[in-house]
Number of protein chains: 2
Amino acid sequence: MPSRLIVSRELADLFRLFAHGDRLRLIEDLRGGEKDVTGIAQSLDLPATRVSQHLALLRAQRLVEERRDGRNHFYRLAHPHLADWVLDALPFIDIRQRLEDADHIDTARALWGVADRNPH
Amino acid sequence: MPSRLIVSRELADLFRLFAHGDRLRLIEDLRGGEKDVTGIAQSLDLPATRVSQHLALLRAQRLVEERRDGRNHFYRLAHPHLADWVLDALPFIDIRQRLEDADHIDTARALWGVADRNPH
DNA sequence: TGCAAACCTTCTGACTTTTGCAGATATTGG
DNA sequence: CCAATATCTGCAAAAGTCAGAAGGTTTGCA
């Protein structure tokens, strides 16, 4: 009977995992395929230790999968379309705040290799 | 140039807004259309004051829109498909934990009036 | 008119809990 | 031993939750 409560709480936990800019960038960084920790750390410009901590959180929820090759650990998205789903949230960002931001959104979409879904 | 950073931070703020079970239930509650605060409070079993506070947060991000009729305030989703997008996250919930949870997910989907996308 | 009740919002303030992050240490492979 | 990661510890900061009080409107009604 309290299924709504249970599921909404689990969903909330999931969303909290995405409530961190670096983790979102990490997910988008894996859009292209697997990558090792050092590689991720470089492209996100973060210390490898921090990246490893973020990955541990994502791994705990089975959002990423690991493959070891020698001393390198390669990670990939467990659900390839997770990155797409995240970007689907872009339309929900409040546009009102400085039009400048709209440009940032388009630019980011382009940088992340996603076709602009809202051309004008 | 730091578009990725800016956008990922805004997205993270958005996700943080969804990182609360009651707010998620509220969004799903508006799936069927507009509803007034008292009505929402009743179906969520929360004090109206709390509901109003949640609505204030969602309104600040333009996620809900308000319509006043007499002393009642009716709210609706600014983006009708927001509720769908939220439920699209269900597949990302870790299934491993007690199969029991899978049932809860199906049940919740049914309760929220969404066709089961993963029949077996 | 006036007043009370209904509906809702906002402010205040404290409280709990989380969480981000650094630095140290452990582990595994070359 | 070095490189690449993972995990542990601990804290400081932040953030968010929530209850209760108080304020605004609108409606109903005497």
Side-chain angles (χ1 to χ4, degrees), chain A residues 5 8-27 29-30 33-78, chain B residues 4-6 8-27 29-30 33-78:
Chain A
L5 276 174
S8 62
R9 237 166 252 165
E10 295 207 23
L11 268 181
D13 290 342
L14 190 67
F15 278 108
R16 194 171 314 112
L17 219 47
F18 299 139
H20 192 292
D22 292 339
R23 276 189 303 266
L24 291 181
R25 287 194 301 141
L26 197 164
I27 289 169
D29 201 44
L30 292 181
E34 67 175 14
K35 213 165 185 178
D36 74 336
V37 178
T38 303
I40 297 171
Q42 284 175 350
S43 65
L44 298 193
D45 191 28
L46 292 176
T49 292
R50 189 104 36 88
V51 171
S52 189
Q53 288 170 336
H54 287 314
L55 284 169
L57 292 176
L58 297 176
R59 199 179 35 199
Q61 292 294 328
R62 298 270 199 279
L63 292 175
V64 294
E65 289 168 353
E66 190 189 14
R67 178 180 72 85
R68 304 196 177 187
D69 180 23
R71 50 189 165 187
N72 298 319
H73 298 201
F74 290 88
Y75 284 90
R76 63 176 174 281
L77 297 178
Chain B
R4 276 197 197 85
L5 276 174
I6 294 174
S8 63
R9 237 166 253 165
E10 295 206 24
L11 268 181
D13 290 342
L14 189 68
F15 278 108
R16 196 172 312 116
L17 220 45
F18 300 138
H20 193 291
D22 291 339
R23 276 191 301 266
L24 291 181
R25 288 194 301 139
L26 197 164
I27 289 170
D29 201 43
L30 292 182
E34 68 175 14
K35 213 166 185 178
D36 73 335
V37 178
T38 303
I40 296 171
Q42 284 175 352
S43 65
L44 298 192
D45 191 29
L46 291 176
T49 292
R50 188 109 33 90
V51 171
S52 189
Q53 288 170 338
H54 287 314
L55 284 170
L57 291 176
L58 296 176
R59 202 180 30 200
Q61 291 295 327
R62 298 270 198 280
L63 292 175
V64 294
E65 288 168 352
E66 190 189 15
R67 178 180 72 86
R68 305 195 178 188
D69 179 23
R71 49 191 165 188
N72 299 319
H73 299 202
F74 290 89
Y75 284 90
R76 63 177 174 281
L77 297 178

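We name chains A, B, ... by the order of the sequence lines, and we start the count at 1 in each one.
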Within the structure, does a side-chain N or O atom of [X] lie under 4.0 Å from either OP1 or OP2 of [N]?
X: Ser52(A); N: dA6(D); value: yes
X: Tyr75(A); N: dA4(D); value: no
X: His73(A); N: dA4(D); value: no
X: Arg23(B); N: dT17(D); value: yes
X: Asn72(A); N: dT5(D); value: yes

Taking only residues two or more places apart in sequence or in another chain, which ones pass side chain to side chain donor-acceptor pair (under 3.5 Å) with Asn72(B)?
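Scan of Asn72(B) (side chain to side chain donor-acceptor pair (under 3.5 Å), adjacent residues dropped) gives none.
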The criterion is side chain to side chain donor-acceptor pair (under 3.5 Å); which residues satisfy it with Arg16(A), sequence neighbours excluded?
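Listed in chain order: Asp13(A).
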Using whole Å, what does the distance between atom [atom2] of nucleotide [N] and atom [atom1] of [X] come to?
X: Phe74(A); N: dA6(D); atom1: CZ; atom2: P; answer: 12 Å
X: Leu44(A); N: dC21(C); atom1: CG; atom2: P; answer: 13 Å
X: Asp45(B); N: dC18(D); atom1: CG; atom2: P; answer: 13 Å
X: Glu66(A); N: dT27(C); atom1: CD; atom2: C1'; answer: 13 Å
X: Lys35(A); N: dT5(D); atom1: NZ; atom2: P; answer: 13 Å
X: Leu58(A); N: dT5(D); atom1: CG; atom2: C1'; answer: 16 Å
X: Asp22(A); N: dC21(C); atom1: CG; atom2: P; answer: 7 Å
X: Leu46(A); N: dA22(C); atom1: CG; atom2: P; answer: 10 Å

My understanding is that only one of Leu63(B), Ile27(B), Leu24(B) makes a side chain to side chain contact (heavy atoms under 4.5 Å, CB included) with Leu17(B); could you say which?
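Of the listed options, the one satisfying the test is Leu63(B).
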Which residues pass the salt bridge (Lys or Arg N to Asp or Glu O under 4.0 Å) test with Asp29(B), sequence neighbours left out?
Lys35(B)
Quick one: salt bridge (Lys or Arg N to Asp or Glu O under 4.0 Å) partners of Arg68(A), sequence neighbours excluded?
Glu66(A)
Side chain to side chain contact (heavy atoms under 4.5 Å, CB included) against [X], all qualifying residues, sequence neighbours excluded:
X: Ala48(A); result: Val37(A), Ala41(A)
X: Asp45(A); result: none
X: Arg76(B); result: Glu34(B), Glu65(B), Arg67(B)

Please collect all side-chain hydrogen bond (donor to acceptor under 3.5 Å, both in side chains) contacts where either partner lies in residues 47-58 of chain A, sequence neighbours excluded, each pair once.
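Non-adjacent pairs meeting side-chain hydrogen bond (donor to acceptor under 3.5 Å, both in side chains): Arg23(A)-His54(A).
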Are there any protein N/O atoms within less than 3.5 Å of an N/O atom in nucleotides 28-30 of chain C, and if so, which ones and at what distance?
residue: dG29(C); atom: N2; partner: Arg71(A); partner atom: NH1; Å: 3.0

Interatomic distance, Leu14(B) atom CG to Phe18(A) atom CZ [nearest 0.5 angstrom]:
12.5 Å
I'd like to check the ring pair (Phe, Tyr, Trp, His ring centres under 6.0 Å) partners of Tyr75(B); sequence neighbours left out, ordered by chain and number.
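Partners of Tyr75(B) by the ring pair (Phe, Tyr, Trp, His ring centres under 6.0 Å) criterion come out as none, since no residue qualifies.
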Could you tell me whether the side chain of Arg62(B) and the main chain of Ala78(B) form a donor-acceptor pair under 3.5 Å?
no
Residue-level proximity of residues 14-21 of chain B to DNA chain D when a heavy atom falls under 4.0 Å
Arg16(B), His20(B)
Any N/O pairs under 3.5 Å between the protein and nucleotides 23-25 of chain C? List them or say none.
none

